[in-house]
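Please read the structure below before turning to the comments.
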Amino acid sequence: MGGVSGSMALAQAFDEIMGQPGSSVPRAPLSPLGNWIDGTPDAELRRRQEAAEATFRQLGITFAVYGDSDASERIIPFDIVPRIFLNSEWNRLSEGLIQRVQAINAFLDDIYGARRILDEGILPPDLIFGNPQFRPEIAGMRPPHGIWAHICGIDLVRTGPDEFFVLEDNARTPSGVSYMLENREAMLRLCPELFREFRVAAVDSYPDRLLETMKSVAPGNVAAPVCVVLTPGHYNSAYYEHSFLADSMGIELVEAADLVVDDDVVWMRTIAGRVKVDVIYRRIDDDYLDPLVFRPDSMLGVPGLIAAYAAGNVALINAPGNGIADDKAIYSYMPEIVKFYSGSEPKLPNVETWRCREPQALKYVLDNLEKVVVKLVDGSGGYGMLVGPTASKAEVETFRAALIAEPHRYIAQPTLALSTVPTLADSGLAPRHVDFRPFVLTGSRGVQVVPGGLTRVALKEGSLVVNSSQGGGTKDSFVLMDDGAPPPAPPAQTQMQSQGIG
Amino acid sequence: MRLTIDHRTVYRFSEPQARLTQLLRLSPEDTYDQSVTGWSLHVDCDARMREGRDGFGNKVTMLYVEGPITGIEIAVSGEVLTNPSHGVVNGAAEPLPPPLFLRATPLTERDDAIAAFANDAVAGENDPVARMHALNGAVRKQFTLDEGRPVSGRTAAEAFGLKTATSRDLAHILATAARSLNVPARYVSGYSTVDADDAPAPHGWVEVHIDGLGWVAFDPWTGICADEAYARIAVALDAAGAAPVAGSRLGEGDEEMDVDVHVEGGEGQ
């Protein structure tokens with residue numbers, strides 16, 4: 001039916017399936033997907049998509065949009081057409097992700113310890129010490145095994161076959177992994193034929209890998225460390241994910257009231273009595289972790305938890321204080337940070353970023369407001385953001401005034417031609433822009449990238465904003481275990497290729 | 001000077017509590033000009049105690065009490081010998097660098113009125129030490145001293161609008177004012193003979209960082225430097241961060257707190 005090649009609306013963007021702009025056939029290794037799209041009527045695709053969404057609604061995979069009264073009823077829309085990474089693409093990407101996450105861990109260990117990076121003049125000190133994300137409350141404390149960012153969700157965008165850029169480092173409590181797992185489960189159930197056409201790396205080992213990572217960072221030499229997931233409770237928008245992860249790892253999901261700190265040791269209350277807790281995957285922000293150290297009005301935290309952590313008696317995943325590593329003001333220095341700790345050039349570049357606190361950068365941004373994306377340094381989720389090319393004149397002028405008033409609160413980036421993936425729109429299949437959040441785990445035995453991730457898609461035609469709070473959806477993300485079966489070659493050609501010694 | 005200190009904190013609960021968890025900052029430590037010659041921390045119930053350090057490098061004691069418990073008395077007493085040092089602090093653990101202490105906190109939020117006051121106070125002074133003396137003196141002159149118990153949660157900006165101020169209020173105002181002049185400033189909690197007998201709280205003052213000199217202690221309660229009549233316990237960005245007791249209890253009902261501080265100064269060394 002040709003829905004993919006039919007739409008030329010976003011012709012200048014690289015398409016993950018079709019390849020270079022203007023291509024009318026899928027990239028060679030992905031031709032089976034083209035055949036699948038052509039051979040499956042839109043109505044059938046839509047039926048399967050609705051079946052997947054019905055399951056998500058039933059499971060309660062919902063999210064809250066701020067300022068929306070029926071928030072608990074919302075699910076993130078799911079798109080049935082997967083995005084696919086070739087094995088070679090994935091391997092290169094993984095190398096860059098590992099390098100980046102190793103640097104994030106080294107940076108956190110340094111900035112709360114010796115602060116070598118400041119002594120060497122790589123970062124301006126006021127960027128750290130004036131930044132609320134640098135938490136003096138935990139300075140000098142070191143997590144077990146020296147690992148801070150056990151789970152990172154690195155947001156990436158792509159503009160070409162090998163052009164990936166990091167958009168945001170999420171080193172606090174990145175969410176979304178339940179979508180990676182549930183989306184795959186839905187695809188396996190609804191589109192089993194795709195998994196016969198492609199050898200897709202499994203993602204369902206994620207809970208095992210996470211549990212292994214947690215156990216590996218337990219303090220001391222405990223034979224069977226006790227691990228738990230700490231949730232703020234069922235009112236939290238990501239509660240489904242918290243219970244899902246605890247359930248799939250086979251460990252307890254606890255709230256603050258279930259934990260007690262005594263003698264600098266964390267205990268879990270159970271029917272059978274107290275059980276010592278070694279590792280806590282906490283889905284509570286730093287501010288609420290321990291009312292004795294952070295916000296005293298916190299009802300979600302555990303009094304004494306930071307003392308237990310400081311004494312080296314419990315591992316917190318991720319470590320408190322990590323916000324300084326994924327802060328938007330720090331982001332623009334990440335290439336220097338990666339270079340400083342890894343000793344080599346970053347394999348994954350940043351998106352070019354103008355720091356509006358610098359007068360020259362501010363001037364450029366003000367002169368080019370209709371071309372750039374402007375972001376609040378301390379904003380998230382697509383709030384407080386200007387996408388110049390699609391913004392109205394009034395929106396541009398509002399941001400101009402805000403930038404002039406408080407330039408230090410903003411950064412700006414060029415509008416990238418984000419890659420697209422064919423997506424089922426009202427009018428049929430059409431390219432829509434996507435980003436990608438892979439999940440990187442760091443334990444005491446090393447760093448690993450889970451072969452998959454969360455693809456977010458901007459469902460509105462031409463939109464570059466993929467956040468779920470702004471009308472984004474998700475897709476499954478296939479990582480192929482090879483670069484696709486090469487087309488069958490005649491025997492003679494094979495023989496010819498093996499000659500060469502002359 | 002030989003400072004003899006007795007500091008008693010009593011909590012009474014209207015209902016029995018199932019457990020108490022408290023973080024105590026009640027232990028002075030040695031610096032070049034302060035030596036602790038004897039110190040004891042006593043609790044009137046069965047409690048588990050653990051020593052550690054907070055992020056600012058202050059010595060802390062974690063106190064864990066299993067209920068049911070209807071009250072607790074925490075008593076510290078001891079002796080600290082001090083040398084005159086013109087307020088200059090030497091030999092303290094300094095895990096965080098001065099620029100960190102330019103930050104505002106909820107209790108020391110930047111405030112236009114305080115910033116304007118600070119600018120006026122230092123007008124015409126160029127020497128950094130003279131500027132701080134001028135600022136400290138101006139804060140002293142602005143308020144009538146309030147020897148009562150500090151009001152929990154009162155911000156520097158709120159205190160600045162009043163006529164009387166506790167030592168905590170004055171220290172918050174001075175820290176906020178110094179930071180508005182781009183001078184790093186921190187809150188100090190400790191003991192001093194300048195307080196009346198039976199003081200309802202430990203004393204609060206300020207240390208500011210002056211290039212070439214280091215941290216220098218100013219007390220807006222007296223309008224001069226905090227010197228040998230002072231024993232420092234803890235520093236932080238504000239009084240909440242240096243609180244002698246940060247506690248959490250598991251149980252219903254209200255609590256009453258009573259604090260008694262006695263500091264006596266004698267001939268030292």
Side-chain angles (χ1 to χ4, degrees), chain A residues 111-115 118-119 123-142 256-267 269 274 286-287 290-313 320-321 324, chain B residues 17-25 46-67 93-107 109-110 152-153 179 182 184 186 209 235-243 245-250:
Chain A
I111 208 70
Y112 286 111
R115 294 191 288 269
L118 300 184
D119 293 345
L123 297 182
D126 69 307
L127 189 75
I128 302 295
F129 298 122
N131 192 321
Q133 294 301 334
F134 178 79
R135 309 302 305 247
E137 296 89 342
I138 53 94
M141 298 173 193
R142 199 159 182 261
D258 301 315
L259 297 180
V260 59
V261 180
D262 192 0
D263 224 7
D264 284 1
V265 171
V266 185
W267 302 87
R269 296 178 226 255
R274 282 178 168 191
D286 288 0
D287 266 340
D290 180 347
L292 303 187
V293 175
F294 298 111
R295 285 180 64 147
D297 57 342
S298 169
M299 304 298 282
L300 307 172
V302 184
L305 187 59
I306 293 299
Y309 170 72
N313 291 336
I324 193 63
Chain B
Q17 303 296 303
R19 80 180 285 108
L20 284 183
T21 312
Q22 296 185 328
L23 185 158
L24 312 177
R25 293 182 189 86
D46 195 9
R48 275 179 282 274
M49 290 197 262
R50 286 272 168 180
E51 290 191 347
R53 266 180 208 289
D54 67 14
F56 291 91
N58 301 309
K59 189 166 163 184
V60 302
T61 305
M62 290 299 299
L63 186 74
Y64 301 99
V65 185
E66 200 113 29
E94 298 290 358
L96 291 165
L100 181 97
F101 296 91
L102 287 168
R103 286 191 183 198
T105 66
L107 292 176
E109 211 61 83
R110 268 172 249 290
S152 163
R179 288 173 194 160
N182 211 31
R186 62 193 185 188
H209 194 268
V235 298
L237 288 162
D238 59 23
V245 182
S248 160
R249 59 192 171 92
L250 184 63

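Every chain is numbered from 1, with letters handed out A, B, ... down the list of sequences.
Heavy atoms closer than 4.5 Å to chain A are found nowhere in B:Leu63, neither backbone nor side chain. If you measure heavy-atom distances from A:Pro296 to chain B, you find no contacts under 4.5 Å at all. Heavy atoms of A:Ile128 lying under 4.5 Å from chain B belong exclusively to its backbone. There is no contact between B:Pro106 and chain A, counting heavy-atom distances below 4.5 Å. Of the atoms belonging to B:Arg19, it is side-chain heavy atoms, and not backbone ones, that fall under 4.5 Å from chain A. At a 4.5 Å heavy-atom cutoff, A:Asp126 makes no contact with chain B through either its backbone or its side chain. If you measure heavy-atom distances from B:Leu23 to chain A, the contacts under 4.5 Å come from both the backbone and the side chain. The parts of A:Val261 that come within reach of chain B are both its backbone and its side chain, each placing non-hydrogen atoms under 4.5 angstrom from that chain. In this structure, chain A has heavy atoms under 4.5 Å from both the backbone and the side chain of B:Pro99.
The environment of B:Asp46 atom CG is sparse: at most 12 non-hydrogen atoms of other residues, nucleotides or ligands sit within 6.0 angstrom. A:Arg269 CZ: more than 12 foreign heavy atoms inside a 6.0 Å radius.
With values rounded to the nearest 0.5 angstrom, A:Asp263 atom CG is found 9.0 Å from A:Asn313 atom CG.
For the set B:Gln22, B:Met49, B:Arg48, the entry with the most heavy-atom pairs within less than 4.5 Å of chain A is B:Arg48. The greatest number of non-hydrogen atom pairs below 4.5 Å with chain A, out of B:Ala104, B:Ala246, B:Pro97, B:Pro95, is found for B:Pro97.
In this structure, A:Tyr112 has its ring center closer than 6.0 angstrom to the ring center of A:Phe134.
For the pair A:Leu292/A:Ile306, no side-chain contact is recorded, criterion being any heavy-atom separation below 4.5 Å from C-beta on. A 4.5 Å side-chain heavy-atom check between A:Val266 and A:Leu305 finds at least one atom pair inside the cut-off.
A salt bridge does not link B:Arg103 with B:Asp238: none of the charged nitrogens is closer than 4.0 Å to a carboxylate oxygen.
Scanning both residues, B:Leu237 and A:Pro136, for their nearest heavy atoms gives CD1-CG, 4.3 Å.
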